[in-house]
Amino acid sequence: MDFNVKKLASDAGVFFTRAVQFTEEKLGQAEKTELDAHFENLLARADSTKNWTEKILRQTEVLLQPNPSARVEEFLYEKLDRKVPSRVTNGELLAQYMLEAANDFGPGTPYGKTLIKVGETQRRLGAAERDFIHSSSINFLTPLRNFLEGDWRTISKERRILQNRRLDLDVSKARLKKAKAAEAKAAAEHELRVAQTEFDRQAEVTRLLLEGISSTHVNHLRCLHEFAESQTNYYAQCYQYMLDLQKQLGSSRGEILPGTFVGNAESTSPPPATTSPTTVAAATIPVVPTIPVVPTVVGAPNPTAAAEGTLNPNEVKPPASGTRKARVLYDYEAADSSELALLADEMITVYSLPGMDPDWLIGERGNQKGKVPVTYLELLS
């Protein structure tokens with residue numbers, strides 16, 4: 001192999017003089033050419049952009065793929081320029097187990113039917129999650145990664161060159177100060193002019209790249225909007241799927257749990273009619289408390305008719321014993337004269353009637369009585 005000895009010696013000499021200059025600057029024994037304030041601000045802004053982009057990228061990867069082993073596997077496939085194998089989502093895996101269990105227990109049994117309904121919903125949730133991960137990876141992660149692996153590497157390279165040009169410039173300034181003879185001064189002045197020209201040229205190149213960070217922010221802003229839209233669509237899909245499942249389970253609940261009502265004594269949010277998507281599930285967790293049931297008495301008003309909307313509060317008689325106290329969780333405005341308006345945190349007496357809708361109870365407050373929704377109550381012992 002043919003080595004250029006003179007070039008190697010020259011490069012070694014330049015490296016040595018730069019190292020000496022840098023060391024003396026750190027020790028305060030040499031002067032340093034300072035960049036202007038605008039340039040320093042551009043550098044600080046670029047460093048901040050790089051650091052926060054890295055953190056956002058890494059945490060988004062964790063959000064989309066919580067399994068660290070799977071993330072490492074995807075990283076290796078990407079570096080090897082190979083297609084990442086399709087991976088089953090947790091929801092799809094749960095759906096598979098539920099459907100297999102339903103076939104084992106009997107798809108015609110109440111438990112088997114419910115497993116099938118929930119399993120199909122989990123499968124749809126898993127598919128929605130897969131689409132969300134795919135779109136987020138393309139529209140959000142890829143642009144962030146391209147900046148770090150492309151534009152930022154170019155900026156870092158040009159900044160290193162600028163640092164070397166700045167060291168060469170300061171070395172030339174030091175040599176000019178030390179030169180005594182006229183010939184040495186002339187050579188030092190020529191060297192300084194060349195070093196100043198190269199420094200100015202490199203500073204301009206680096207400045208243009210740093211100013212391009214503004215365009216990077218605009219691009220990342222657009223990608224952020226797309227990520228938020230994908231996430232919104234994903235959660236909207238999940239919410240709709242869960243609403244559909246809730247309706248399916250609600251229609252078959254009377255067959256599975258006859259003679260009971262379903263309420264949530266620990267709910268901290270309004271029922272589905274007035275709640276947001278994120279609180280519907282909390283308001284519908286089944287709890288089966290024991291509520292006294294008024295026995296049927298010959299000649300008494302028809303309780304079933306009362307429960308179906310023709311309730312006359314004056315005709316409803318409370319049970320002789322066993323009524324329960326309940327704390328009202330939220331304000332409720334009565335829809336008609338058969339219902340009882342409620343105020344949050346007040347205490348009322350409640351009881352049930354035979355054949356009554358399990359989502360409703362009879363509530364009493366002093367001389368007032370009427371139907372009240374179970375999901376607005378916290379039943380007390």
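All values below were derived from every heavy atom in this structure, side-chain atoms included, with hydrogens, water molecules and symmetry-related copies excluded.
- Below 30°, between 30° and 60°, or above 60°: for F132 and Y235 the angle between ring planes is between 30° and 60°, a tilted geometry.
- To the nearest 0.5 Å, atom NE2 of residue H225 and atom OG1 of residue T232 are 11.5 Å apart.
- The shortest heavy-atom contact between P373 and L377 is O-CG, 3.6 Å.
- A continuous path of Ile, Leu, Val, Met, Phe, Trp and Tyr side chains, each step under 4.5 Å between heavy atoms, connects I155 with L148, placing both in one hydrophobic cluster.
- L35 and V171 are members of different hydrophobic clusters when ILVMFWY side chains are connected at heavy-atom separations under 4.5 Å.
- Between the CD atom in E34 and the CZ atom in R166 there is a gap of 7.5 Å [rounded to 0.5 Å].
- Legend: ring-ring contact (aromatic ring centres under 6.0 Å, His included) pairs involving residues 29-71, not counting sequence neighbours: none detected.
- Contact detail for L125 and Y241: the closest heavy-atom pair is CD2-CD1, 3.8 Å.
- D131 pairs by the side chain to side chain donor-acceptor pair (under 3.5 Å) definition with nothing, not counting sequence neighbours.
- Partners of N219 by side chain to side chain donor-acceptor pair (under 3.5 Å), not counting sequence neighbours, listed by chain and number: R222.
- Of all heavy-atom pairs between R159 and T206, the closest is CG-CG2, 3.9 Å.
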Under the criterion side chain to side chain contact (heavy atoms under 4.5 Å, CB included), I'd like the reasoning laid out for I362 against Y351: C-alpha separation, chi angles, the key distance, then a yes or no.
CA-CA 5 Å; I362 301 299; Y351 51 89; 3.5 Å; yes
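- Every side-chain contact (heavy atoms from CB on, under 4.5 Å) that S172 has, sequence neighbours left out, goes to E191, L192, A195.
- Residues that satisfy the ring-ring contact (aromatic ring centres under 6.0 Å, His included) test with F147, not counting sequence neighbours, are H220.
- Listed here is the closest heavy atom pair of T53 and T49: OG1-O, 2.5 Å.
- Residues that satisfy the side-chain contact (heavy atoms from CB on, under 4.5 Å) test with T349, not counting sequence neighbours, are T323, K325, E364.
- Taking 4.5 Å as the limit, some side-chain heavy atom of L379 sits within range of a side-chain heavy atom of L361.
- From T60, atom OG1 reaches atom CG of L141 across 5.5 Å, with rounding to the nearest 0.5 Å.
- No side-chain N or O of D244 forms a donor-acceptor pair with one of Q248 less than 3.5 Å apart.
- Counting non-hydrogen atoms of other residues, nucleotides and ligands closer than 6.0 Å to CG of N41 gives a total above 12.
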Please evaluate residues Q202 and N164 with respect to the criterion side chain to side chain contact (heavy atoms under 4.5 Å, CB included), reporting the C-alpha separation (whole Å), side-chain torsions for both, the decisive distance (0.1 Å), and the verdict.
CA-CA 10 Å; Q202 186 59 37; N164 291 335; over 6 Å; no
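- When atom types are taken as modelled, the side chain of S230 and the backbone of E226 share a donor-acceptor pair closer than 3.5 angstrom.
- Residue pairs satisfying the salt bridge (Lys or Arg N to Asp or Glu O under 4.0 Å) criterion with at least one member in residues 194-218, sequence neighbours excluded, are listed as follows: R165-E198, E204-R207, R207-E211.
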Given T114 and L249, is the side chain to side chain contact (heavy atoms under 4.5 Å, CB included) satisfied, shown in steps?
CA-CA 7 Å; T114 304; L249 297 182; 3.7 Å; yes
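- Checked against side chain to side chain donor-acceptor pair (under 3.5 Å), E31 has the following partners two or more places apart in sequence or in another chain: K177.
- With sequence neighbours excluded, no residue satisfies ring-ring contact (aromatic ring centres under 6.0 Å, His included) with F22.
- Looking only at atom types and distance, the side chain of S156 has no donor-acceptor partner in the side chain of K50 under 3.5 Å away.
- For the residue pair R123 and E92, the shortest heavy atom distance occurs at O-CG, 4.1 Å.
- A chain of hydrophobic side-chain contacts below 4.5 Å, direct or via other Ile, Leu, Val, Met, Phe, Trp or Tyr residues, connects Y234 to L63.
- Here CZ of R130 is found 8.0 Å from CD1 of I133. Values are rounded to the nearest 0.5 Å.
- Residue L167 holds its CG atom at 8.5 Å from NZ of K32, rounded to the nearest 0.5 Å.
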One pair to check against side chain to side chain contact (heavy atoms under 4.5 Å, CB included): N139 and C223. What are the steps and the verdict?
CA-CA 6 Å; N139 298 328; C223 297; 5.9 Å; no
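- M242 and I116 sit in two unconnected hydrophobic clusters of ILVMFWY residues. Membership requires side-chain heavy atoms under 4.5 Å apart, directly or through other members.
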Please list every donor-acceptor pair under 3.5 Å in which a side-chain atom of residues 93-106 meets a protein atom from a residue at least two apart or in another chain.
from, atom 1, to, atom 2, distance (Å)
Q96, NE2, E100, OE2, 3.3
N103, ND2, L99, O, 3.3

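- Residue-environment remark: NE2 (H134) stays at or below the threshold of 12 foreign heavy atoms within 6.0 Å.
- When all heavy atoms of L210 and A46 are compared, the pair lying nearest together is CD2-CB, 3.6 Å.
- I56 contributes atom CD1, which lies 6.0 Å from atom CZ of F140 (distance to the nearest 0.5 angstrom).
- Put simply, the side chain of S136 never gets that close to the backbone of F227: no donor and acceptor are under 3.5 Å apart.
- Annotation: side chain of K173 is in contact with side chain of T33 (closest heavy-atom distance under 4.5 Å).
- Residues satisfying the side chain to side chain donor-acceptor pair (under 3.5 Å) test with Y332, not counting sequence neighbours, are E339.
- Side-chain heavy-atom separations under 4.5 angstrom define the hydrophobic clusters, and L343 shares its cluster with no other residue.
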